[in-house]
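Let me begin by presenting the structure, written as structure tokens, before commenting on it.
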Amino acid sequence: MKNNIKKIAFIAVAISLCTTFNSCSLDEEDPGGFTFENLSQTTTGFQTLVNNIYFGLERSFYGNTNKINFMAITEAQTDLWTTPRNMDNTNQQYFWFYAGGSPNTTYTLSFLYSLYDGIGSCNKVLQYVHIPPYNTEAERNAKAAEARFMRAVYYYHAAEQFGGATIVTEKNTSIDQSVYVPVKNSPQEIYDQIIIPDLIYAIEWLPKGDYTAITRPTKKSAIGFLARAYLQATRWVDDKTDYYRNALTYAKMLIDDWEVSGGANYMTYMYPNYGDIFSEAENLTNKEALWKHAYFSDATYNGSSNGAHVLNLSHTLFRCQLNEFPARENNADTYVTWEGSVNGSFMPTQHLLSLFDNGDGTLDPRFYKIFQNDWNANKDFVWTKDFANKFDKDTTAVVGQAIAVGEAAIEFIMPQDADYAAKKAAKHTSKHLIVDYADVYNDAAKSIFMKHSYVNTTPDYKADGSVENFFSYFYPSLTKHNTTKFYPQNVSKLRFGNTSAMHILRMSEMYLIAAEADLKVNNGANALAYLNKVRSRAGAQNLSGTVTIRTILDERGRELCGEWVRYYDLARTGMLDNATYLTETNPSLAAYFNVDYVLRPFDTSTFLPSLNNDSIYQNDGYGY
């Protein structure tokens, strides 16, 4: 795959120009002088077209933050995440429903191009798949299945982000651009005509594969994504019963394969130890991942025309603002370690952390497996009076004390920690910085403390709660995407290509899909059992009582936080129909809620001006 993908750089521009829904004049021929039909005369040549179906994925999807922050459009603006320090003046289009200001209507352009580049590349494979001389029709159909799987993925995100898009299944050479009025298909049409049929076809013809499969989907990828798609489609349809029933059917296909057949049919697997899911040793061959994706880089190929360092930046997103403490800095040596050195852009909300509180003075075991709360120094530091004052230290205890590289620098303490009381008592005199949950998170307001009341007061740092809260730079940092797998593209500029695998779809999600679907199909008769399978594997206490949609949402938050699903979860379950749910869980965000902004805008700089029905095509609440 690696050698073939290198050819993408040569033909990608031609293919993308020829496959967007408003056509082009190249008419099957790219600037290199070959035709797609000629390229398809050999299986090797045709494989180049197959490889190109992932080009849209590379440009704007999983791991990418270069043109659009894909993690933000699938996880942010929810109950689980806020911006660092809960400040609403950054990333407003991603985290804050534009914070009451005028909406940005141009940031989706690259994402739209990537969607239709990807869709067009899939269509191109399906157009020419009859030509290559494969030995069997099964081989040919497997290539078509690969393209149809990816087309379903692209359309899935088009439907969920924009609430509708134009269905394109083949190139249209008869379009008159001057009078072009494309049909904006509804989400239900997209699911019924493209996503569901494509995934059903993919299930039939994709290979069973093995645990080493990366990027290229296998049967379990298609089954899992179809279960997810059927469930998500209930956001858009009036008669939801069959969709819930089918979501349950396909989720159970994988659950039964694991529980009854030991993965014999589809290579399903659930790690008995929750910590193994995100361990680096299991990353590239992760058995629990139903579909995983990784980028590659080497000395002759950077992985992207934009450079390897921008392809997967997931490892940079969830870290707290480490470098606001003078014993930390962003440097090349630390960047490539597990804990890393880049300040992130996602901060857990009070609600997310509360989901891990068992209510008995303990935390769900998953918390300690997926959040990092302490960091060592990567820079020598000696406490000065100014820094001691800033961080509310007893100057007589710490001024002159040195923190050497490798020693404890920052520690965030939770009320449920066994040694919380002792650490809390020492936070003003300890050599390292101890950040108390109670100084950052405001449980009563379900928010972040913006101000701090000092104990060790000075004229500048007062006890009246009027001073900026410098402790809110530091918070538990999600480690699901941490890695040491990097390609050094440009060390002096801290450009490293992340070559670890992203687990886009996991087996545990099938149990959560089954629980939600069972709630609707069987009044939740089996929902609790499905949820407790996930919890018991994690070592968490079993749930009891009546399962509600909130029970399931909470469990999905604990299990899947940071895995590109939460925005879709809230939209599907009606939690973004109005501000009620966010008022309860993330009131800072609820203050800016606008139902029109739940859907993304179609770009007004280039995309909409190319249409002659731009005012109709645009989503409500945005200009055109």
Side-chain angles (χ1 to χ4, degrees), residues 61-65 68-83 86 91 93-97 156-157 159-161 163 224-225 227-229 231-235 277-278 314 317-318 344-356 364 366-367 370-371 446 475-481 502-506 508-513 515-516 531 534 548-590 592-593 595 597-600:
F61 285 78
Y62 301 95
N64 202 299
T65 65
I68 195 166
N69 189 328
F70 189 72
M71 183 70 77
I73 65 173
T74 52
E75 281 285 317
Q77 218 158 242
T78 66
D79 54 340
L80 302 187
W81 306 103
T82 184
T83 47
N86 209 37
N91 293 310
Q93 71 268 32
Y94 296 132
F95 285 87
W96 293 103
F97 294 111
Y156 174 81
H157 291 294
E160 294 305 315
Q161 291 292 333
F225 214 98
R228 178 191 279 184
L231 185 68
Q232 193 65 33
T234 61
R235 175 186 180 186
I277 302 169
F278 304 105
S314 299
L317 298 178
F318 293 97
S345 54
F346 284 71
M347 179 182 188
T349 60
Q350 184 274 344
H351 177 68
L352 174 55
L353 297 187
S354 75
L355 292 180
F356 293 92
D364 185 300
R366 284 170 287 192
F367 178 83
I370 61 173
F371 284 98
K446 298 182 182 295
Y475 40 83
S477 302
L478 189 74
T479 60
K480 287 181 177 180
H481 304 285
M502 295 169 283
H503 306 150
I504 298 171
L505 191 62
R506 291 198 290 115
S508 61
E509 186 180 344
M510 296 302 104
Y511 288 86
L512 299 171
I513 289 173
E516 188 172 339
L531 294 178
V534 174
T548 67
I549 196 64
R550 284 292 300 272
T551 312
I552 295 167
L553 269 180
D554 288 352
E555 194 59 38
R556 288 182 69 92
R558 284 183 283 266
E559 179 71 15
L560 301 176
C561 60
E563 297 186 45
W564 306 282
V565 296
R566 192 59 173 186
Y567 197 68
Y568 297 163
D569 288 350
L570 296 192
R572 179 184 69 252
T573 55
M575 302 305 170
L576 296 181
D577 289 351
N578 53 55
T580 302
Y581 176 77
L582 290 177
T583 298
E584 180 183 339
T585 58
N586 189 1
S588 297
L589 174 60
Y592 297 120
F593 178 81
V595 70
Y597 298 157
V598 172
L599 294 177
R600 308 290 171 183

**OP:** Determine, stepwise, if the pair T83 / N91 fulfils side-chain hydrogen bond (donor to acceptor under 3.5 Å, both in side chains).
**Re:** CA-CA 8 Å; T83 47; N91 293 310; over 6 Å; no
Subject >> R228 side chain vs L505 backbone, donor-acceptor pair below 3.5 Å >> reply: no
Original post:
What residues form a side chain to side chain donor-acceptor pair (under 3.5 Å) with Y597, not counting sequence neighbours?
Top reply: none
Subject >> Separation between CZ of F367 and CZ of R558, rounded to the nearest 0.5 Å >> reply: 13.5 Å
Subject >> Y581 side chain reached by L570 side chain, heavy atoms, under 4.5 Å >> reply: yes
Original post:
Is the side chain of T65 donor-acceptor paired with the backbone N or O of G63 at a distance under 3.5 Å, no angle test?
Top reply: no
Original post:
Under 3.5 Å, side chain of Y567 to main-chain N/O of V598, donor-acceptor pair present?
Top reply: yes
**OP:** Any chance you could lay out the side-chain contact (heavy atoms from CB on, under 4.5 Å) test for D79 and L352, step after step, and finish with the verdict?
**Re:** CA-CA 7 Å; D79 54 340; L352 174 55; over 6 Å; no
Original post:
Quick check: does any side chain N or O of Y94 sit under 3.5 Å from a backbone N or O of N69, one acting as donor and the other as acceptor?
Top reply: yes
Original post:
Sub-3.5 Å donor-acceptor pair from the side chain of E75 to the main-chain atoms of V565, do we have one?
Top reply: yes
**OP:** Check the pair L582, M575 against side-chain contact (heavy atoms from CB on, under 4.5 Å), reporting the backbone distance first and the verdict last.
**Re:** CA-CA 8 Å; L582 290 177; M575 302 305 170; over 6 Å; no
Subject >> Shortest non-hydrogen contact between F97 and Q77, atoms and distance >> reply: N-OE1, 2.6 Å
Original post:
Side-chain contact, heavy-atom cut-off 4.5 Å: N86 with Q350?
Top reply: no
Original post:
Among side-chain atoms of T349 and N586, is any donor-acceptor pair under 3.5 angstrom?
Top reply: no
Subject >> S588 and F95: CA distance, side-chain angles, deciding distance, side-chain contact (heavy atoms from CB on, under 4.5 Å) verdict >> reply: CA-CA 11 Å; S588 297; F95 285 87; over 6 Å; no
**OP:** Apply side chain to side chain donor-acceptor pair (under 3.5 Å) to K480 and list each qualifying residue two or more places apart in sequence or on a separate chain.
**Re:** E563
Original post:
Is the backbone of M347 close enough, under 3.5 Å, to the side chain of T82 for a donor and an acceptor to pair up by distance?
Top reply: no
**OP:** Work out which heavy atom in W81 is nearest to a heavy atom in G562; give both atom names and the distance.
**Re:** CZ2-N, 3.8 Å
**OP:** Check side chain to side chain donor-acceptor pair (under 3.5 Å) between D569 and all other residues, then give those that pass, not counting sequence neighbours.
**Re:** R556, R572
Original post:
Which residues satisfy the side-chain contact (heavy atoms from CB on, under 4.5 Å) test with Q93, sequence neighbours excluded?
Top reply: Y98, N104, Y107
Original post:
Does F61 have any ring-ring contact (aromatic ring centres under 6.0 Å, His included) partners at least two apart in sequence or in another chain, and if so, which?
Top reply: F70, F111, Y154, H157
Original post:
How many angstroms lie between atom CG of L80 and atom CG of L355, to the nearest 0.5 angstrom?
Top reply: 6.5 Å
**OP:** Work out which heavy atom in R600 is nearest to a heavy atom in A72; give both atom names and the distance.
**Re:** NH2-O, 4.2 Å
Original post:
Taking E516 for the side chain and L231 for the main chain, is one N or O donor matched with an acceptor at less than 3.5 Å?
Top reply: no
Subject >> Residues T580, T583; criterion side-chain hydrogen bond (donor to acceptor under 3.5 Å, both in side chains); working and verdict >> reply: CA-CA 5 Å; T580 302; T583 298; over 6 Å; no
**OP:** Answer yes or no: is there a side-chain heavy-atom contact under 4.5 Å between I370 and C561?
**Re:** yes
**OP:** Can you label the angle between the F371 ring and the F356 ring as parallel, tilted or perpendicular, going by 30° and 60°?
**Re:** perpendicular
Subject >> Pair R506 + E509: basic N to acidic O under 4.0 Å >> reply: no
Subject >> D577 CG to F593 CZ distance, which is reported to the nearest 0.5 Å >> reply: 7.5 Å
Original post:
Mind checking whether M502 and W564 have side chains closer than 4.5 Å, heavy atoms only?
Top reply: yes
Original post:
Sequence neighbours excluded, which residues qualify as side chain to side chain donor-acceptor pair (under 3.5 Å) partners of R235?
Top reply: E160
